[in-house]
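Structure first, commentary second.
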2 protein chains.
Amino acid sequence: MKNLKKTLKQYFNVAVSVDNVVFGFDADGLKVLLISRGSEPFTGSWALPGDLISPEMDLEYSAEKILKQLTGLDQVYMEQIQTFGSVDRHPFGRVFTIAYFALIKVENYHPQAASWAKDVAWFKVTEIPKLPFDHRDILEYARRLLKNRIRTQPLVFELLPKYFTLTELHFIHESILEEEFDVRNFRKKILSSGIIEETGKMQKNVTHRPAMLYRYNAAKAKQLGFEGGIL
Amino acid sequence: MKNLKKTLKQYFNVAVSVDNVVFGFDADGLKVLLISRGSEPFTGSWALPGDLISPEMDLEYSAEKILKQLTGLDQVYMEQIQTFGSVDRHPFGRVFTIAYFALIKVENYHPQAASWAKDVAWFKVTEIPKLPFDHRDILEYARRLLKNRIRTQPLVFELLPKYFTLTELHFIHESILEEEFDVRNFRKKILSSGIIEETGKMQKNVTHRPAMLYRYNAAKAKQLGFEGGIL
DNA sequence: GAGAATTATTGTACTTTTTACAATATATTT
DNA sequence: AAATATATTGTAAAAAGTACAATAATTCTC
């Protein structure tokens with residue numbers, strides 16, 4: 001047993017971190033939240049928000065905590081996407097990182113300083129600066145995953161405000177899927193699915209014909225089980 | 001910097017393991033490979049094949065190595081599925097485990113002893129014994145993932161022999177999806193997809209009308225990009 | 001070797017879903 | 001009042017999905 005313990009010791013010699021890919025959406029398209037690193041290594045570089053995990057903290061909780069520190073938001077849609085474990089991905093030693101993605105409504109977003117973040121900013125997914133570690137790979141992986149998920153799960157509603165127009169819904173699908181959809185067919189399909197409902201309200205302060213506002217009907221979506229997805 | 005190093009030390013105090021969910025398929029249905037543990041903790045218990053990762057070994061390589069030791073197989077379809085990181089999932093300390101699934105052709109399988117496995121056996125996915133750690137959760141997660149993937153990716157061909165009958169292909173879909181498909185419609189659809197092709201060969205040594213043997217056409221599947229999947 | 005047993009193979013009509021395509025409506029601005 | 005900007009709506013044709021049952025080819029049994 002003594003021997004076993006000694007052997008074990010060499011394994012308990014690595015670290016694990018969490019990195020979050022935080023997606024947001026506005027009139028400009030799909031965005032990702034990056035921080036300017038406040039600690040070594042790569043201090044000052046734009047990077048995915050992440051941190052090492054304390055040995056006494058649960059994995060999920062660690063991911064949520066980072067997001068909370070950064071955005072002040074709780075109860076955000078998060079999903080674990082992949083663990084990256086190349087031997088040399090971190091200059092300080094062997095660090096596995098577990099990537100999560102989070103979808104937030106930009107309207108609710110309140111940036112906050114964090115010990116590990118000197119600055120925070122949204123970047124269009126098509127205009128990402130050079131990133132340290134393997135963060136670029138992680139981000140691309142997250143984009144692919146989001147793209148794959150979006151057709152079969154109602155994730156877009158995590159990114160849109162509570163009330164939204166069909167045009168916004170249309171645009172977010174086109175942004176994420178990088179593909180165009182016919183206006184009439186899109187509306188027909190989304191409306192006949194029953195997962196969104198009219199609110200009776202209209203768009204205000206726009207310089208053109210105001211659109212009707214819709215809202216997501218989570219109960220209906222759940223009831224339908226979302227077989228086959230939205231589009 | 002000295003201070004930083006000291007702080008870091010408390011993080012480099014965890015271990016990471018890999019656990020593989022190895023699926024196989026035969027006339028009985030979908031199977032999972034379990035080992036009888038050869039080391040502490042839970043020695044002698046049936047469990048998922050897995051091991052701690054050495055700090056100097058890449059993640060992917062670790063997962064492949066375990067499978068190789070166990071089955072003698074190389075170049076097997078493997079995919080990372082999820083990382084499990086509850087604080088108390090391992091009695092020896094904080095151990096994150098990264099789960100992979102592997103799909104193997106039972107015909108190629110040659111069981112081998114490994115230091116961490118006293119015994120190896122296939123279990124029907126519907127008849128799994130009590131498992132240690134959170135292996136039950138991992139297994140169920142893998143089953144769900146396989147079920148979701150199978151409609152949109154040609155994974156079944158990783159589980160079937162090189163030459164197979166349409167009845168086998170039909171049965172494996174029904175086994176994994178836990179759902180029945182009409183024989184005529186199934187055949188019509190799979191054949192019209194173009195991803196399998198006739199071999200001209202027939203089944204032999206069967207006690208009834210022999211079936212035609214087909215083979216997967218990977219080139220065609222790739223060319224089609226598999227939009228929409230098989231079923 | 002005739003009939004039984006077992007699995008393999010095939011088509012058609014109906015329903016549903018997807019696709020292609022363009023004119024009109026409602027608001028603000030000039 | 002006209003120009004500008006975006007919102008909203010329908011129809012016909014094609015493709016895909018669904019429901020459904022009879023016949024064919026082999027071995028086995030007597």
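Because only heavy atoms are used, hydrogens play no part in the values below, and waters and symmetry mates are left out as well, while side chains stay in. Every chain is numbered from 1, with letters handed out A, B, ... down the list of sequences.
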Between the base of dT19(C) and the side chain of K188(A), is there a donor-acceptor distance below 3.5 Å?
yes
Hey, where on DNA chain D does chain B first and last touch, going 5' to 3'? Cut-off is any atom under 4.0 Å from a heavy atom.
dG17(D) to dC28(D)
Rounded to whole Å, please give me the gap between CG in N185(B) and C1' in dC14(C).
12 Å
Within residues 122-135 of chain A or reaching into it, pairs that qualify as salt bridge (Lys or Arg N to Asp or Glu O under 4.0 Å) - sequence neighbours excluded
R89(A)-D134(A)
Just to confirm, is there a sub-4.0 Å distance from OP1 or OP2 of dT17(C) to any side-chain nitrogen or oxygen of K189(A)?
no
NA contact type, T165(A), heavy-atom cut-off 4.0 Å: base, sugar-phosphate, or nothing?
nothing
Tell me: CZ of F181(A) to P of dA20(C), nearest whole Å?
12 Å
Hey, is E158(A) close enough to K105(A) for a salt bridge, meaning N to O under 4.0 Å?
no
Any chance you could lay out the side chain to side chain contact (heavy atoms under 4.5 Å, CB included) test for E178(A) and R143(A), step after step, and finish with the verdict?
CA-CA 11 Å; E178(A) 299 171 295; R143(A) 278 184 73 185; 3.3 Å; yes
Would you check if I104(A) and L159(A) make a side-chain contact, meaning some heavy-atom pair closer than 4.5 Å?
no
Side-chain heavy-atom pair L103(A), F101(A) within 4.5 angstrom cut-off:
yes
Taking the inter-plane angle between the rings of F181(B) and H173(B) on a 0 to 90° scale, is it parallel (under 30°), tilted (30 to 60°) or perpendicular (over 60°)?
perpendicular
For atom OH of Y61(A), decide whether the heavy atoms of other residues, nucleotides or ligands shown that lie under 6.0 angstrom number more than 12.
no
Find the distance H170(B):NE2 to dT7(C):P and express it as a whole number of Å.
14 Å
Under 6.0 Å from the CD atom of E107(B), do we count more than 12 heavy atoms belonging to anything else shown?
yes
Note: for R184(B) and P210(A) on DNA chain C, the residue whose nearest nucleotide lies more 5' is R184(B)
Can you tell me how far apart NZ (K68(B)) and CD1 (I66(B)) are? Round to the nearest 0.5 Å.
14.0 Å
Pull out every residue in residues 196-209 of chain A that has a heavy atom closer than 4.0 Å to any atom of DNA chain C, ordered by number, or say none.
V206(A), T207(A), H208(A), R209(A)
Given atom CG of D182(B) and atom C1' of dT12(C), what is their separation to the nearest angstrom?
13 Å
